[in-house]
Asks: 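Have a look at the structure that comes next, please.
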Amino acid sequence: KKKYLVKIKNKLIERYLQFITHPLVESPLIGIIKYVYINCKIRLYPKPLKIKWLNNLKYYLSLGDSGIIGNYYFFIDDYEESIFLIHYLTDEDLFIDVGSNHGHYTMISSGICNSKSISIEPVKETYARLKMNIELNQLKNVKLFNIGISDSEEELFISNNMGSMNRIMHEASHDNCELVQTTTLDKLLISEQNISLIKIDVEGYEKKVLLGCEKILENPNLNVIIIELNNSSLNYNYDENETITILNKYGFLAYRYIYPGNTLASLEKKNFKSFNTIFIRNINLVKKKIEQKSVTINKNTVKFTNPQ
């Protein structure tokens, strides 16, 4: 019991420090109250809660939903990459969400920016929740795929008890794995020629995803890749520098989006202040698109105004 209380205390301190530095959280104290409230509520209610989010968007939330719960008390979790997405995407763009989880980025893409989205999630139960969120928001510009992405077509085991951290396993581990069919992005998206942005969150399997989408990487229409780099690649016996090398080979360089300020800072290797890094091929094109759209975010409200 004492260890449990210490764990709760440490988690509250960790969250409070995050609230202090989060640009959308005006009061860290209110942030803590919301954090405690929602964590108690999801433990009392057996069915998923329907949560209001940005503008008219909503999502379902239940215990264990680590990939989306932060949107309740932070307003926007992964705020730098998410606000970059809001700032960059338009209704003329095609967004690919690899490892969509419950659809945080897909809902922003199609629900806020009106972009067409293709959302890919391999874990059956997670995919079902993703589908629920897309249907809840009546997003007609989203195509969903329940499949794994790799550098070849094969059957692999994937964990299904780790929430947003589910990953490809070397072998089946009791009841906490399921068999998933994989394909490559090049094969799955063979008819799509206008992909402008890809987000990849596959818990260390990034290199395999990139090796299976060489044709897409060669297409100049693709200008931005948001990719998670948190050293999970060590689970598959390779260094994440190999992933970065592939991106660099195709002309993608690392940047950090700074909010507030709406500016892009060049990075030497990756974003060490976040699990995610934004890789850009044509920085001038990105800056031009960002200059054409002014974004104001106040808590749960996103407003677009044309800059003078």
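Numbers for residues simply follow the sequence, beginning at 1.
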Asks: What I want to check is whether the side chains of H87 and Y259 have a donor and an acceptor closer together than 3.5 Å.
Replies: no
Asks: Does F272 have more than 12 heavy atoms from other residues, nucleotides or ligands lying within 6.0 Å of its CZ?
Replies: yes
Asks: If you take all heavy atoms of P28 and Y16, which pair is closest and at what distance?
Replies: CB-CE1, 3.4 Å
Asks: Within a radius of less than 6.0 Å around CD of E125, do more than 12 heavy atoms belonging to other residues, nucleotides or ligands occur?
Replies: no
Asks: With ILVMFWY side chains joined below 4.5 Å, transitively, what does L29's cluster contain besides itself?
Replies: I33
Asks: Look at atom OH of Y238 and say whether more than 12 heavy atoms of other residues, nucleotides or ligands are closer to it than 6.0 Å.
Replies: yes
Asks: Can you check whether Y59's main-chain N or O pairs, donor with acceptor, with N137's side chain at less than 3.5 Å?
Replies: no
Asks: Would H104 and N71 count as a side-chain hydrogen bond (donor to acceptor under 3.5 Å, both in side chains) if you check the C-alpha gap in whole Å, the side-chain angles of each, and the deciding distance to 0.1 Å?
Replies: CA-CA 9 Å; H104 169 102; N71 290 324; 3.0 Å; yes
Asks: Between F157 and H170, is the gap from one ring center to the other below 6.0 Å?
Replies: no
Asks: Around D239, counting heavy atoms of other residues, nucleotides and ligands shown, do more than 12 lie under 6.0 Å from its CG?
Replies: yes
Asks: Salt-bridge test for E14 and K11: reply yes if a basic N is under 4.0 Å from a carboxylate O, no otherwise.
Replies: yes
Asks: Nearest heavy-atom pair of T277 and A254: which atoms, and what distance?
Replies: CG2-CB, 3.8 Å
Asks: When you measure from the side chain of Y105 to the backbone N and O of L85, does any donor-acceptor pair fall under 3.5 Å?
Replies: no
Asks: With no hydrogens and no angle check, is any side-chain donor or acceptor of D186 less than 3.5 Å from a backbone partner on I216?
Replies: yes
Asks: By the definition side-chain contact (heavy atoms from CB on, under 4.5 Å), identify the one residue from D77, I42, I51 that meets it with Y72.
Replies: I51
Asks: Just wondering, more than 12 heavy atoms not from M162 lying within 6.0 Å of its CE?
Replies: yes
Asks: Report the C-alpha separation of F74 and Y79 in whole Å, then their side-chain angles, then the decisive distance to 0.1 Å, and conclude whether the ring pair (Phe, Tyr, Trp, His ring centres under 6.0 Å) test is met.
Replies: CA-CA 8 Å; F74 286 129; Y79 72 91; 8.4 Å; no
Asks: Using only atom types and a distance under 3.5 Å, with no angle test, would you say the side chain of E121 pairs donor to acceptor with the backbone of N101?
Replies: yes
Asks: For a quick test of reading the model, state the closest non-hydrogen atom pair linking N221 to N194 and the distance between them.
Replies: ND2-OD1, 3.3 Å
Asks: Applying the side-chain contact (heavy atoms from CB on, under 4.5 Å) test to I246, which of N241, V209, L211 qualifies?
Replies: L211
